[in-house]
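Take a look at the structure set out below.
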Protein chains: 2
Amino acid sequence: MRSTRTAPRGARPTSKDVARAAGVSQATVSLVLGGKWQGRVAERTAVSVREAAQALGYRPNLAARNLRLGGTRTALLVVPALTNEFFGGVYTGAARVAAEHGFGVVLYPSPEGIGPARDPFDSARATLDGVIASSMAAEAVEALRGPAGGGALPLVMLDSAPLPDAGELTAAVNHDVADGMRQVVEHLLSLGHRRITHVAAAVDSWTFRVREDAFAAAMGAVPGTHAASEPAALTVMGGQAAAERALTRPGPRATALVCDDDILAAGACKAARRLGLSVPGDVSVTGFDDLSLATALDPELTTVRLPAQELGARGMSALLALLEARPLDEPRLPVHLVSRGSTAPPSAPAPPD
Amino acid sequence: MRSTRTAPRGARPTSKDVARAAGVSQATVSLVLGGKWQGRVAERTAVSVREAAQALGYRPNLAARNLRLGGTRTALLVVPALTNEFFGGVYTGAARVAAEHGFGVVLYPSPEGIGPARDPFDSARATLDGVIASSMAAEAVEALRGPAGGGALPLVMLDSAPLPDAGELTAAVNHDVADGMRQVVEHLLSLGHRRITHVAAAVDSWTFRVREDAFAAAMGAVPGTHAASEPAALTVMGGQAAAERALTRPGPRATALVCDDDILAAGACKAARRLGLSVPGDVSVTGFDDLSLATALDPELTTVRLPAQELGARGMSALLALLEARPLDEPRLPVHLVSRGSTAPPSAPAPPD
DNA sequence: CTGTTAGCGCTTTCAC
DNA sequence: GTGAAAGCGCTAACAG
């Protein structure tokens, strides 16, 4: 019973301690614990090594392993904010795929929102094998890769404009938000709406520019429709203020409000109700994202579901493909409309132009 | 111009490469870049080292640094889910304090919710200096520290029951949720409510047990009041179902619903409205947390604001204190009621007992 | 003031 | 089938 001698009591046991306890060499321990002992180490030896490791509560020192291996099997996921459950989904999806390949994911919520991000190497405190950036501005992400000269990291952009100087080490995966917007407009048109205002998030990012364009295109394609746009800060209050402006504007009132985000839609519903208008009786409202907020509201929101987990999963797959120099699969994810209580036919037929 | 020889083109430059480029030794590079060269290295030399590092795009290899230093200046923050913006606040607060002390924070969303967590060492892929666990069950967190024998990590529990076997390496920081619940009940009582139902989250965790007890105590202290309790799954639908049960129960109806969470309160509002009851005209509703959801609803929610960032910040401070063997400050954070539109005096005076 | 040296804990040839 | 030894990139003693 001299096993107390194996480690200087209180310190973390090392593989050397395990080796001593099991009466073998450090190399054998590494082989066994690394699972590469097929036909190199005797079964009996392997068992005793595992027992010793167990008894000592041995955990490999990852810093040492990473140093030796020259990689960390870790990806950094950069997101603009944690206040939105959408990014929780992205993380979950990415982490799942990563785990299947023995990778880990470290989350880095950029302190600057979607703007320029601080150096993640100072924050994540790990050496990284690659970066996944979700819903970030292209410029913001440039800094993340480090000076382009000295070993730039593989980068996957999610829900963003493709990088201007996309090299071989870059990939992009996006939701088909343009199609989502098209589905919203078609839904509203088929309900009979002709006068529709787009409550547009006043945020300069790819995803919102695409929504703007898709809205204009879908409305423009149908004669006899009236499209308008109202910018809104990306908050409940911002949506409320914008919807109020849209609904009190002189001239015939819009019968439907298409909002760039569920948050904005929540504000729009409040505005409508405060103006004595009922949703969806007097005005229909749609959102985007399908966060849990969409069903917390009353009436529940008709909205476009963006599969966040799927996006994260595909992002991680793309990063793995990049690392292994494999070809990438189709980077556009289909989305679909979820029809709920906040949309209905307009109360009166739209007046002829 | 033979500077191209400094690194084997394509590979990450090391401190050795920088040393060669600057014509000094590796040690000097380390000193200069580590900021510890005061009076040890000549100004001229320091400048040329920095220039060389810049030119090569040199980044220190963190794995090597960590290995050498035996620590990573990194804390792991374990949270039950990313779907709740509360934890975003906790992270932000913790990260801010960490940064002020040269620490980083890595987020680990436990895949099992508040239940037992998987080994974070396999996921975060970093060696860690300590763990902060927010709103996790005590048992769930035990596994995180690794086998208690082999070098247990310092641990700070946030928003949780104190650990049974709290050693010197453990601390706890909590919101004063009991006081928050007391404030809710007092608010309702002073409005004239006497028949109040607690819509209680059916989750076995410290924070909800405290709310239950505080509600019962606050109601029990005032004669002539009627307290009831209705368990609810922690979702909008769960809250809706529970509120519906509470409001359709035979006998005099409760005039106020005290919900354990804003999510539950959202469901309660839906239930009331579906029963033809107005909020707050016929029934008052309160929440807990003050998430952005609270102001997205209409009417806005009277709720208890829990300062999440402050909690995270204090948690990180506590961890730092633990690491430096310093004494800890008061671990209970004050909370306060935010009165909004979802509460009002009951429409008819409560019937005498 | 600057260089040499040792070693953090691990994996991986290469001998035996 | 197992052990000895080298070395990943960095920092901190200690010499010069």
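Reckoned from all heavy atoms, side chains included, excluding hydrogens, waters and symmetry mates. We name chains A, B, ... by the order of the sequence lines, and we start the count at 1 in each one.
- C/dC8 atom P lies 10 Å from atom CD of A/Q26, rounded to whole Å.
- Along DNA chain D, the stretch of nucleotides lying under 4.0 Å from any heavy atom of chain A spans, 5' to 3', D/dG1 to D/dG9.
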Please tabulate the protein-to-nucleotide N/O contacts below 3.5 Å involving nucleotides 13-16 of chain C, giving atom names and distances.
none

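- The distance from atom CG of B/N61 to atom C1' of C/dG9 is 14 Å, rounded to the nearest whole Å.
- For the pair A/W37 CH2 and C/dT11 C1', the interatomic distance rounds to 18 Å; values are reported in whole Å.
- Heavy-atom distances under 4.0 Å link DNA chain C to B/V41, B/A42, B/T45 of residues 41-51 of chain B, given in residue order.
- Closest approach of A/T74 and A/F103 over heavy atoms only: N-CD2, 3.8 Å.
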Which donor-acceptor pairs under 3.5 Å do the side chains of residues 314-326 of chain A make with protein atoms, sequence neighbours left out?
from   : atom 1 : to     : atom 2 : distance (Å)
A/R314 : NH2    : A/E330 : O      : 2.7
A/S317 : OG     : A/A313 : O      : 3.1
A/E324 : OE1    : A/R326 : NE     : 2.8
A/E324 : OE1    : A/R326 : NH2    : 3.3

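- Atom pair A/K16:NZ and C/dT11:P shows a separation of 14 Å (rounding to whole Å applied).
- Pairs engaging residues 27-44 of chain A under the side-chain hydrogen bond (donor to acceptor under 3.5 Å, both in side chains) rule: A/S25-A/T28 [sequence neighbours left out].
- When heavy atoms are screened at a 4.0 angstrom cut-off, A/S30 is found touching base atoms of the nucleic acid.
- Between the CG atom of B/L67 and the P atom of C/dT11 there is a distance of 12 Å, rounded to whole Å.
- Side chain of B/T28, nearest nucleotide from C/dA6, C/dT11, C/dG3: C/dG3.
- One distance of note links CG of B/D129 with OG1 of B/T72; it measures 3.5 Å at 0.5 Å rounding.
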Anything under 3.5 Å between a donor and an acceptor, one on a side chain of residues 46-53 of chain A, the other on a protein residue two or more places apart or in another chain? List them.
from  : atom 1 : to    : atom 2 : distance (Å)
A/S48 : OG     : A/T45 : O      : 2.9

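- For A/K36, whose side chain is taken as the heavy atoms from C-beta onward, the closest listed nucleotide among C/dT4, C/dC10, C/dT12 is C/dT12.
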